[in-house]
Amino acid sequence: MCDHCHCHDHEHEHDHEEEGCGCGCGHEHGHGEGEDAKREMLILGIRVAISLALALLGLLWLNEDNFPWYVNLIVMGVSWLVVSYDVAWKSLKAIFKGHNPFDECLLMTVASIGAFCLRLFGPDHNEYFEAVMVMLLYQLGEFFEDLAADKSREAITSAIDLRDSKASIIGEDGSISLKSPEDIHVGDVVLLKVGEKCLSDGVVIEGEGNVDESSITGEFVPVKKEKEAMVLSGTILKSGSLKIRVEKEYEDSTVAKLLELVEHSASKKSKADRFISKFSRIYTPVVMALAVLVAIIPPLFLGVNDGAVWSRWIFTALCFLVISCPCAIVISVPLAYFAGLGLASKNGIIVKGAEYFDKLNEMKLVAFDKTGTITKGEFVISEISPIGIDEETFMDYLVAAESRSNHPIAQAICKDKDLGVYSEAVDEYEEIPGIGVAVLYKGHKVSAIKKPLIEENACQKIGTLVYLVVDDKDNGHILLNDTIKPTSVQAISTIKVLGRRTMLLSGDKKANVAAIATEVGVDEYHAELIPEEKIAFLEKEMAKKDGMVGFVGDGINDAPSIVGADVGMGMGGLGSDVVVQNADVVFMDDDISKVSTVIKIAKQTERRALFNIVVALVIKFSVMLAAALWEGFPLWLATFADSGLALLLTLNSLMLINHKVK
């Protein structure tokens, strides 16, 4: 995306490489971020100031009342060149290289040069100042739009950006050294004090305190952290003191991935963006043809030999060119989607592209995984039923099988167990999505699976069953129970109020799924599904062509469904890296109430974008009509109707980032 004019047209990528933006702004600023972007904005600001000073000098003092006409022309010409040389040069380069020249640059260049030419019709048509104002207001509007976009981007990333921060690392001798995020490694111990930002994902090994996780989750209530609690990078310690053992390198940390997602989220275009790209290619030549007709046809009937008539209609044609510049739409609409992405980020939701707002608005069915999505995913063993072996041996084999898995069931089974004793004894670990895990342990093939070897022996108790199989022999099972998340019932209800159908897809047995489905109130449920069967259900729904289908999941076994759905939504807290990487929408706090939140944000974004399009077209056509009927219509008013309108609609787009989602 071009930083200065927010161009999203992928078809222009080649132009971007060779001639700057290529989308109409006329600035050779490239794709630079940070200091380069600020320097380019400063230079543009200086150019605008110099041009305005020269234009006012020519208007108020070095005018034709005090000096020869050519002095005024030279001063105004220099003023025009200072502020518009890059815009005019882009138009010429596009023509010389055989590229499509019909863009905003050409419209503005032709209109402003035409205003200079009006002087040929007599001294009463000295429109030099208006000619300069055409370009000056356009560039001024571009400057403020770019400034607003940069402020918006900073608002999104500043809360989690760790680039200028340092962490206190405790050495083996107890000494403390300060390190940047990139220099912190797995196993380092970090001392986190009140007011400091955690720079790496880690586990509390000593102390306790309250942590502000709003930059990641959007939730402003501090969360208490004690020993063994996970602390995410980008969060801030509000009280207490913590010693944290680093678990992830910076490039793998939550905040690094979040920043990467935010930086790339604006690259995928919405339908409105794609419409604008096609619209501009047709709109510009049509407007220029209309301007030519306005300049020629009326004088043929009103006075072909009358210079005043020609002057009047040529002037009107030039006003048409200025008014019709599509920058108000081309800039403000993509920016509305960018602001929508920022609003989602502020609410702890990462949407990986503007196109997914369109899909969310068209989504008619939301399917959910059960464990870790609808339920907490925090299992507790409620029953142990070994067969043919004692309970201690049974649990030894079961813990060995689950020792390398990060699934919530595995974590419950291995809780409070010393996994170090299994690190070398366990070999040939294999995770079978939707079924279980298998390892080689003490010379035995050990599996922990969801389904029994003999279906007739299946236990019908309410809860989650894990069967132990040693050397292809059924050695019993354990029963685990999960609890529904506090927000699940209300979340499902809200989603249904928003007009979406809900479905629960789970690999758990039917009795468990039925109980959960009834309690949370989903419209439909399906149980005992392996990942391939979940995908089959989603494909069946998508084949109906009755709106988009979304899927919400959290585990590695959900990744195929998340990828296969029209809108894949994943839990970014407890969820695996695979889920975060492949999901189109990521909820950073594992709260499914955020599903309705992102649907509301998508709707608000679409409304804001459509409002900008409608208002821009109505105002432009109204002012064009005024230019045709009002003989004394000033060219600067036409410019304000273009750049001024663009600035107002840009501000309207950016106001979305502070919208309160209810």
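What's counted below: heavy atoms across the whole structure, side chains too, no hydrogens, waters or symmetry copies.
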- Task: Hey, can you tell me if Phe116 and Trp80 have their rings parallel, tilted or perpendicular (30° and 60° cut-offs)?
- Result: perpendicular

- Query: Is it the case that Ser332 and Asn652 place a side-chain donor and acceptor less than 3.5 Å from each other?
  - Reply: no

- Message: Can a donor-acceptor pair be found, under 3.5 Å and without considering hydrogens, that links the side chain of Glu362 to the backbone of Met548?
- Response: no

- Query: Roughly how far, to the nearest 0.5 Å, is the CH2 atom of Trp313 from the CZ atom of Phe301?
  - Reply: 12.5 Å

- Task: Indicate yes or no: at least one non-hydrogen side-chain atom of Met288 is less than 4.5 angstrom from one of Leu290.
- Result: no

- Side-chain (Asn72) to main-chain (Pro68) donor-acceptor, under 3.5 angstrom: no

- Does the side chain to side chain contact (heavy atoms under 4.5 Å, CB included) test come out yes or no for Met363 and Met569, once each step is laid out? CA-CA 12 Å; Met363 186 171 64; Met569 292 171 273; 3.9 Å; yes

- Item | Side-chain donor or acceptor of Lys594 paired with backbone N/O of Ile349 under 3.5 Å | no

- Shortest non-hydrogen contact from Leu654 toward Ala339: CA-CB, 4.3 Å

- Message: Quick check on side-chain contact (heavy atoms from CB on, under 4.5 Å): which of Asp358, Val585, Val595, Val598 does Val567 satisfy it with?
- Response: Val585

- Message: How close do Val618 and Ser622 get, counting heavy atoms only, and between which atoms?
- Response: O-OG, 2.7 Å

- Task: Output yes when a side-chain donor or acceptor of Trp310 lies under 3.5 Å from a complementary backbone atom of Val304, and no otherwise.
- Result: yes

- Heavy-atom closest pair (Ser168 atom, Glu196 atom, distance to 0.1 Å) is OG-OE2, 4.3 Å

- Are Phe357 and Val351 close enough that some pair of their side-chain heavy atoms sits under 4.5 Å apart? yes

- Would you say the side-chain atoms of Arg47 pair up with the backbone N or O of Val83, donor to acceptor, closer than 3.5 Å? yes

- For Asn612 and Ser653 the tightest heavy-atom approach is ND2-OG, 2.8 Å

- Between CZ on residue Arg608 and CG on residue Leu335, distance to nearest 0.5 Å: 11.5 Å

- Item | side chain to side chain contact (heavy atoms under 4.5 Å, CB included) evaluation trace for Phe633 with Ile323 | CA-CA 12 Å; Phe633 187 87; Ile323 297 165; 4.3 Å; yes

- Item | Atom pair CG (Leu57) and CE (Met76), whose distance is rounded to the nearest 0.5 Å | 8.5 Å

- Query: Charged N to carboxylate O under 4.0 angstrom, Lys359 versus Asp584?
  - Reply: no

- Task: Could you grab the distance from atom NZ of Lys603 to atom CD1 of Ile601, nearest 0.5 Å is fine?
- Result: 14.0 Å

- Note on the structure: In this structure, CG of Leu300 is separated from CG of Leu293 (nearest 0.5 Å) by 10.5 Å

- Message: Has Lys179 got a side-chain atom pairing as donor or acceptor with Ile184's backbone, closer than 3.5 angstrom?
- Response: no

- For the residue pair Val586 and Lys352, establish whether any side-chain heavy-atom pair is separated by less than 4.5 Å. yes

- Message: If we ignore hydrogens and angles and just use 3.5 Å, is the side chain of Lys346 paired with the main-chain N or O of Ile657 as donor and acceptor?
- Response: yes

- Query: Are Thr109 and Met135 close enough that some pair of their side-chain heavy atoms sits under 4.5 Å apart?
  - Reply: yes

- Message: Donor-acceptor check, side chain of Ser51 to backbone of Ser79, threshold 3.5 angstrom: yes or no?
- Response: yes

- Message: If you compare all heavy atoms of Leu656 against all heavy atoms of Ala336, which two are closest, and at what distance to 0.1 Å?
- Response: CD2-O, 3.5 Å

- Does a side chain donor of either Asn66 or Asn63 reach within less than 3.5 Å of an acceptor in the other side chain? yes

- Item | Residues Thr235 and Lys197: side-chain donor-acceptor under 3.5 angstrom | no

- Query: What distance do Arg607 atom CZ and Asn361 atom CG have between them, rounded to the nearest 0.5 Å?
  - Reply: 9.0 Å

- Over all heavy atoms of both residues, which pair between Val309 and Pro299 is shortest? Give the atoms and the distance, please. CG1-CA, 3.7 Å

- Item | Check: Gln139 side chain, Leu136 main-chain N or O, donor-acceptor pair, under 3.5 Å | no

- Can the ring centroids of Trp61 and Phe67 be said to lie less than 6.0 angstrom from one another? yes

- Item | Intermediate values then yes/no, side chain to side chain contact (heavy atoms under 4.5 Å, CB included), Cys198 and Ile236 | CA-CA 6 Å; Cys198 182; Ile236 301 172; over 6 Å; no

- Between Tyr128 and Leu59, is a side chain to side chain contact (heavy atoms under 4.5 Å, CB included) present by the stated rule, with each step listed? CA-CA 9 Å; Tyr128 298 159; Leu59 178 69; over 6 Å; no

